[in-house]
Amino acid sequence: MRLRHCIAAALTTAALVVTLPGSAGAATGTFGYISPESGDLDIIAPANGECRLLLQGATSALNGTNATATLYADRGCEEPLATMAPGEARGFAEPLPHSVMFNQAV
């Protein structure tokens, strides 16, 4: 009887983990930024830990995702420049950020 309850509890827990909204592999929401040459651009539901290029850099950004966005001065996410919390908006002067990576807290 006890074993059956343990198995039922484990299966229920596994089902909850599988059906939770959002994925641990991707942020939800949109990261919007203004590029000096291309205007308003969006990154929708970015994958966590993936380096994303910001075309021609970003003069301003709005982190509308549920993840922390780390912006980098280079195009390969190697030279950290700034961090933006979920919901944060910010303007940038030289050096402009040219790439971004998202890290959703679990």
Side-chain angles (χ1 to χ4, degrees):
M1 189 69 150
R2 201 170 204 195
L3 179 61
R4 187 171 28 175
H5 286 236
C6 288
I7 291 172
L11 291 174
T12 302
T13 302
L16 286 173
V17 170
V18 170
T19 59
L20 286 175
S23 168
T28 58
T30 301
F31 180 86
Y33 68 99
I34 298 176
S35 166
E37 296 176 31
S38 299
D40 294 347
L41 297 168
D42 292 326
I43 299 173
I44 301 169
N48 290 316
E50 180 181 298
C51 185
R52 300 292 300 260
L53 181 65
L54 301 175
L55 298 177
Q56 300 101 29
T59 55
S60 64
L62 170 62
N63 184 8
T65 72
N66 65 340
T68 299
T70 302
L71 295 113
Y72 298 84
D74 66 306
R75 289 172 173 80
C77 294
E78 295 181 6
E79 300 171 22
L81 185 63
T83 301
M84 294 177 68
E88 183 177 351
R90 180 183 285 188
F92 301 99
E94 292 296 330
L96 296 178
H98 287 315
S99 57
V100 63
M101 187 180 298
F102 297 87
N103 183 19
Q104 180 181 7
V106 254

For the pair [X] (side chain) and [Y] (backbone), establish whether a donor and an acceptor sit closer than 3.5 Å, ignoring hydrogens and angles.
X: Asn63; Y: Glu88; value: no
X: Thr65; Y: Ala67; value: yes
X: Ser99; Y: Cys77; value: yes
X: His98; Y: Asp74; value: no

Tell me whether [X] shares a hydrophobic cluster with [Y], the cluster being built from Ile, Leu, Val, Met, Phe, Trp, Tyr side chains joined at under 4.5 Å.
X: Leu71; Y: Leu96; value: yes
X: Met101; Y: Met84; value: no
X: Leu62; Y: Ile34; value: no

Problem set entry | Minimum side-chain heavy-atom gap Thr59-Phe92 below 4.5 Å |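 No, every pair of side-chain atoms sits at 4.5 Å or beyond.
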Exercise. Does any non-hydrogen side-chain atom of Leu54 lie less than 4.5 Å from one of Leu41?
Worked result: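 Not touching, per the 4.5 Å side-chain cut-off.
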Exercise. Between atom CZ of Arg52 and atom OH of Tyr72, what is the distance when rounded to the nearest 0.5 Å?
Worked result: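 Going from the CZ atom of Arg52 to the OH atom of Tyr72 covers 14.5 Å.
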For this session: Tell me, please, which residues at least two apart from Leu53 pass side chain to side chain contact (heavy atoms under 4.5 Å, CB included).
Result: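 Counting only residues at least two positions away or on another chain, Leu53 forms a side chain to side chain contact (heavy atoms under 4.5 Å, CB included) with Leu55, Arg75.
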Problem set entry | Taking every non-hydrogen atom, the tightest pair across Ala45 and Ala26 |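 Closest heavy-atom pair between Ala45 and Ala26: O-CB, 4.2 Å.
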Exercise. Do you know which two heavy atoms are closest between Cys51 and Gly76, and how far apart they sit?
Worked result: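 Nearest pair, atom of Cys51 first, then Gly76: SG-C, 3.6 Å.
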For this session: Assess the side chains of Thr68 and Asn103: does a donor N or O sit below 3.5 Å from an acceptor N or O?
Result: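 No.
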For this session: Using the salt bridge (Lys or Arg N to Asp or Glu O under 4.0 Å) rule, collect all pairs that involve residues 27-42, keeping only residues at least two apart or in two chains.
Result: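 Applying salt bridge (Lys or Arg N to Asp or Glu O under 4.0 Å) to every pair that reaches into residues 27-42, excluding sequence neighbours, yields nothing.
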